[in-house]
There are 4 protein chains.
Amino acid sequence: MSFNSFGHLLRVTTWGESHGPALGCVVDGCPPGLALSEADVQHWLDRRKPGGSRFVTQRQEPDAVRILSGVFEGRTMGTPISMVIENVDPRSKDYDKIASAYRPGHADFTYDAKYGVRDHRGGGRSSARETAARVAAGAVARAALGEGIVVRAALVQIGPLKIDRARWDWAETENNPFWAPDPGIVPVWEAALDAARKAGSSLGAVVEVVAEGVPAGWGAPIYGKLDAEIAAALMSINAVKGVEIGAGFGAAELSGEENADEIRMGNDGPRFLSNHAGGVLGGISTGQPIVARMALKPTSSILTPRRSITAEGEETEVRTTGRHDPCVGIRAAPVAEAMLACVLADAKLRHRGQTGR
Amino acid sequence: MSFNSFGHLLRVTTWGESHGPALGCVVDGCPPGLALSEADVQHWLDRRKPGGSRFVTQRQEPDAVRILSGVFEGRTMGTPISMVIENVDPRSKDYDKIASAYRPGHADFTYDAKYGVRDHRGGGRSSARETAARVAAGAVARAALGEGIVVRAALVQIGPLKIDRARWDWAETENNPFWAPDPGIVPVWEAALDAARKAGSSLGAVVEVVAEGVPAGWGAPIYGKLDAEIAAALMSINAVKGVEIGAGFGAAELSGEENADEIRMGNDGPRFLSNHAGGVLGGISTGQPIVARMALKPTSSILTPRRSITAEGEETEVRTTGRHDPCVGIRAAPVAEAMLACVLADAKLRHRGQTGR
Amino acid sequence: MSFNSFGHLLRVTTWGESHGPALGCVVDGCPPGLALSEADVQHWLDRRKPGGSRFVTQRQEPDAVRILSGVFEGRTMGTPISMVIENVDPRSKDYDKIASAYRPGHADFTYDAKYGVRDHRGGGRSSARETAARVAAGAVARAALGEGIVVRAALVQIGPLKIDRARWDWAETENNPFWAPDPGIVPVWEAALDAARKAGSSLGAVVEVVAEGVPAGWGAPIYGKLDAEIAAALMSINAVKGVEIGAGFGAAELSGEENADEIRMGNDGPRFLSNHAGGVLGGISTGQPIVARMALKPTSSILTPRRSITAEGEETEVRTTGRHDPCVGIRAAPVAEAMLACVLADAKLRHRGQTGR
Amino acid sequence: MSFNSFGHLLRVTTWGESHGPALGCVVDGCPPGLALSEADVQHWLDRRKPGGSRFVTQRQEPDAVRILSGVFEGRTMGTPISMVIENVDPRSKDYDKIASAYRPGHADFTYDAKYGVRDHRGGGRSSARETAARVAAGAVARAALGEGIVVRAALVQIGPLKIDRARWDWAETENNPFWAPDPGIVPVWEAALDAARKAGSSLGAVVEVVAEGVPAGWGAPIYGKLDAEIAAALMSINAVKGVEIGAGFGAAELSGEENADEIRMGNDGPRFLSNHAGGVLGGISTGQPIVARMALKPTSSILTPRRSITAEGEETEVRTTGRHDPCVGIRAAPVAEAMLACVLADAKLRHRGQTGR
């Protein structure tokens, strides 16, 4: 990964600021001949789109994507696919009053420290609006993976409130605004989010993302490990502070016998008796589902005043009005899917390149 | 990161199998004119060296490093630094009986699935012996970072047993075989490890790695985020299943007010009142200590028999004799330091390249 | 270089087909705080724009650039600069009759051989229209280089007709439609081009590109050599079949005494008595002007019928109507400048990154 | 290409100085399961080895290669292949007297300008001894290409003396010390080289390198063009100042009708009636032989005194004794083959990765 690109054979470059005229991405290295339309991409963008419920930002963005290159007569051509999404509802004026103050928990201070200049409007490049471009790229990656591979994400925790994993039902993720796989948690989270918003506060979350159908053999030692690339991809998502694979941090508390997934012969080859590995051993896929989780901090854009300083070094207080997600984890679920799809598609192409399989 | 290399301007490539004649690395892009000797590198290798206590593998490896290029008359020349470490005590015969059986929890099966061929001796390329090369590279990275930046790691958890963070004392990490910063935990861990070994079992661990003295401004959006690169670097270490920055997974349970680090003016610039961010905001360093943690699974090389299959598809049981670390987390602490140092040195050079600062 | 991107710290990605809705580029890694406007970029695009004289294609393209990101209030922000140019005069119908026939000398056959699909309209991705995106990127690179470095190109040969180098005057390149530095050659070339067009033929050319003001020390051994990167950058331009540095192919005919540039001390440091090296020794700049040349084949889009086959394997004849440059070398001069500027700007940042100078 | 590595999926990193203890390379990304032994690599190294005739340097280097990783039981494992060659006959003392003087035409001055430090012994990293590592890497690349692809080079010009192309016979290149495909030129070149040496002078050369059996479809637009990567690969070879593909610089003097290779249907698909393209159109292979040429300057290590300066800025004269090739082009032929093989093998893997073919 380097600056604003990631991936190797399937390489994604994104660009755009929150309140600039547009944002977008270039997806290079896509296999040729795949069916792809703007509607295919829009399908995934609509899932991440703001304004869908009272639990997400009220900014009204259609997030309508245009494909400007790389697709001809409904098929990918192997050439770079450029996609653009216009920003239509920026309301930049909301940010004038905080132009010079560094919002605590945001990247305002660090951008200034790095670059000496900064687009203060809505966080500029550091805004989570950038993730729309990732979702568009993810749609291309899904086409490259093919229909046999299903990548989907669910919210498993908001604040300290966790789902009951025994009740996991993927179909439920489509029935509530939280991508919750456990319908029992939905009213609990609704109450928590309403309370947080009323208090001028915000909540963190944990997203779980799973890829099924990945064959054994993708990924590569040592610094191209599949889990290392997944870790980087998820950690690069706004507000993410932790990433784990399979048993993750819990693996530290298991014994060696508990943790190592035993193997028997099944009808179609090896059959693992558990999946603490999360589908990755030695950085290479095992054929089991790839399971990753990421923890997101509560958004720092809150109404409660916080102490800070200005770019000029004056002490001040910052209270973030504007329109914000009280729990950025919710809209991060489609982004996690997109990032996992991109990493896997790149791994597929690299594996095929090296081994011919 | 790509296959067996990582980093961009300071780029590390490692090579070597556990039981081959040697292993090593090439560090490219090192700034010229830095003082560097084999003794400087050996210092860090000795901290990771096996055989240091009864709690680590008894394989006797001197891990003596030779610098074959890139250093002349005690100074780096800006040209690639090649370092080689011979394997002197491999005892490959220990592995003959498991040549065809896939050890559960190891990469035996996935290497075969990927490559169709495999060096079964001691895990071949997937062995943690490869991390010696990382430590050697880390010594070069430390030279590139300069003396103002201190990178060090501590073990904060073995199995479910955590240190008391209130008693953290970095100096203590040099006084026990666990890199424990809390001397109170040492007898507890000793007892747990002795019990695990007696039971033919193993234990996981959590390592915390901290870099102090890093100025604000290193790292870069969006896919070159400092925390994304740290996540990949740590996740690429053998047995690591989870990585977090600052408050990490705990951040998901904090409120927005608790999590966002407030800022006041200090004598030398901004002064943060807490460090939930772990020294990184928007992927760019804040000037606070960089704080990361990684969770390691218990080693899968255990004496307790586990169900598995052979390469030919026969069901079997595997019981791993040979000489192994009962808790691979212990020797991972120097590796985590090395990886963080490498990521930071690369970030330093890239930041200087883009901004001239 | 990889697929549709080149450069390392200053990294350019281009996208777009000849007859798609638009083309463009993303320039990543640009230093922050540089003055840059759409007018600055447009200045360079206008020099490459078609329709400027009767000796270039009559396709009417305004090539108006829009900057969609990375620039705020007239300054670069260090974030990716996305630039888009719409295609407004494509006349795709001209190509319908040759949709299935492979034009000899063009990439029609090879794109089909590689991808199995192809945008036949105007060459699709293989069209020289893509070079507009390079020129836009070059404008950013010039900003990164600063005013002390002057990069400019001249046409030194059309067909077998060479300029008189003794009469070289850079100012003259602005006074004729050929970027000829020798006004004496202009009527000769005009006559040759008129004759070629009348004959349904086309002519090749040689472009010389020079960068003055480059300090000693840029570039790097061994595979990051400045001349290797210049060679790749120029060879990637449409129709280029040869690249040379300094004395180039002529160096093969010199004696060792003639070729090696002697050095004396000047007032400002070393003073070379000649520049057969073209400003590069060991892949690193000497402080002398960087001098490169590239040879372009005559365009294969000619009215004279040529034997070929169709995608279906039928033998046929191809006669290319449409609007084409009779000598693509003419409009390649601004492209060569842009590519050299991009390579140098990247070398500047990488050198600064590694050495701090 | 970046610093000391090149290639993407098949990635070569070289290291080592002329008079250091050893030099070598790491070849990453090699397909698994290929037969490869030290003898296979040695075969190609022996062709480049110094000391073979009176027309090359008398330095006695066995250039014996050791494979330290990536090969097990005679087969590649898909893991990085590390190869080392010891320097056994350095005679560094020859260089003491020129430690501070910059040899004209060499990289002494530019290395100092870049790095501020320099290994003066035999040119250090800038020495052509580094090319031994390329030849070793080329042997791996040949294994990756398979037996159907033949890559070979010939010397076509020494000084101004060109071969008679009508008499080209590849078999003859094995019968003379010059890799000359035309036996008639051999006595001419012998006389010229003897005269040059007697005069304390040196001669340049042109090498032609050809790959047969490459299928159509390798390489990729726009900055991954096969010819652009070949150009960089060849230009990175010591002393090379010019590179061309197919008709090359001569293409600039052809008419459009002459230059564009016409196509007919043959029994096995398209049949080109000529190969001015040198096997590459639009950056993608056509299925015809890939034909490239590179021009090498005469070595600057000559006995004739040349004016120069010292590192301290004193004017001086330099007369290079030591043991040197009077025409470095001769030993560059095996290096050109190796570089072309590496570029092609990488292109093969990347093509397969993207398209599955």
Side-chain angles (χ1 to χ4, degrees), chain B residues 2-5 7-34 66-87 92 111-112 114-121 124-126 130 133, chain D residues 2-5 7-34 66-87 92 111-112 114-121 124-126 130 133:
Chain B
S2 111
F3 289 0
N4 294 280
S5 299
H8 301 264
L9 279 187
L10 188 82
R11 191 160 174 86
V12 176
T13 300
T14 73
W15 55 268
E17 279 81 36
S18 175
H19 291 216
L23 58 87
C25 65
V26 182
V27 182
D28 196 9
C30 182
L34 305 175
R66 283 187 70 206
I67 299 178
L68 296 183
S69 69
V71 177
F72 180 55
E73 297 178 344
R75 304 232 151 238
T76 62
M77 284 184 295
T79 54
I81 300 169
S82 174
M83 295 185 281
V84 176
I85 296 164
E86 282 184 57
N87 287 325
S92 307
Y111 269 61
D112 252 7
K114 182 174 194 69
Y115 298 120
V117 292
R118 180 168 62 91
D119 178 355
H120 66 274
R121 301 166 303 164
R125 180 71 180 146
S126 74
E130 184 269 348
Chain D
S2 110
F3 288 0
N4 294 280
S5 299
H8 301 264
L9 280 187
L10 188 83
R11 192 160 173 84
V12 176
T13 300
T14 73
W15 55 268
E17 278 81 36
S18 176
H19 290 216
L23 58 88
C25 64
V26 182
V27 182
D28 197 7
C30 182
L34 306 175
R66 283 186 71 207
I67 299 179
L68 295 183
S69 69
V71 177
F72 180 55
E73 298 178 343
R75 304 231 151 238
T76 61
M77 284 184 294
T79 54
I81 300 169
S82 175
M83 294 185 280
V84 176
I85 296 163
E86 283 184 57
N87 287 324
S92 307
Y111 269 61
D112 252 6
K114 181 172 195 68
Y115 297 121
V117 292
R118 180 167 61 93
D119 178 355
H120 66 274
R121 302 166 304 164
R125 180 70 181 147
S126 74
E130 184 271 344

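Chain letters run A, B, ... following the sequence lines, proteins first, then strands; residues in each count from 1. Note that the structure is a prediction, hence the values are computed from the model and not measured.
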- Pairs of heavy atoms under 4.5 Å with chain D: top-ranked of Gly29(B), Pro21(B), Ser82(B):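 Looking at each option in turn, the highest pair count goes to Ser82(B).
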- Name the member of Gly116(B), Gly70(B), Gly124(B) that forms the most heavy-atom pairs with chain D at distances under 4.5 Å.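 It is Gly70(B).
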Heavy-atom distance under 4.5 Å between the side chains of [X] and [Y], does that happen here?
X	Y	answer
Phe72(D)	His120(B)	yes
Asn4(B)	Thr79(D)	no
Trp15(B)	Val27(D)	no

- Quick one: which of Leu68(D), Leu9(D), Val117(D) has the most heavy-atom pairs under 4.5 Å with chain B, could you say?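 With the most close heavy-atom pairs to chain B, the winner is Leu68(D).
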- Message: Quick check on Ile67(B) against chain D: is it the side chain, the backbone, both or neither that has a heavy atom closer than 4.5 Å?
- Response: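 Just the backbone, heavy atoms under 4.5 Å.
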- Message: Quick check against the 3.5 Å criterion: does Arg125(B) have a side-chain atom that pairs as donor or acceptor with the backbone of Gly16(B)?
- Response: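 Present.
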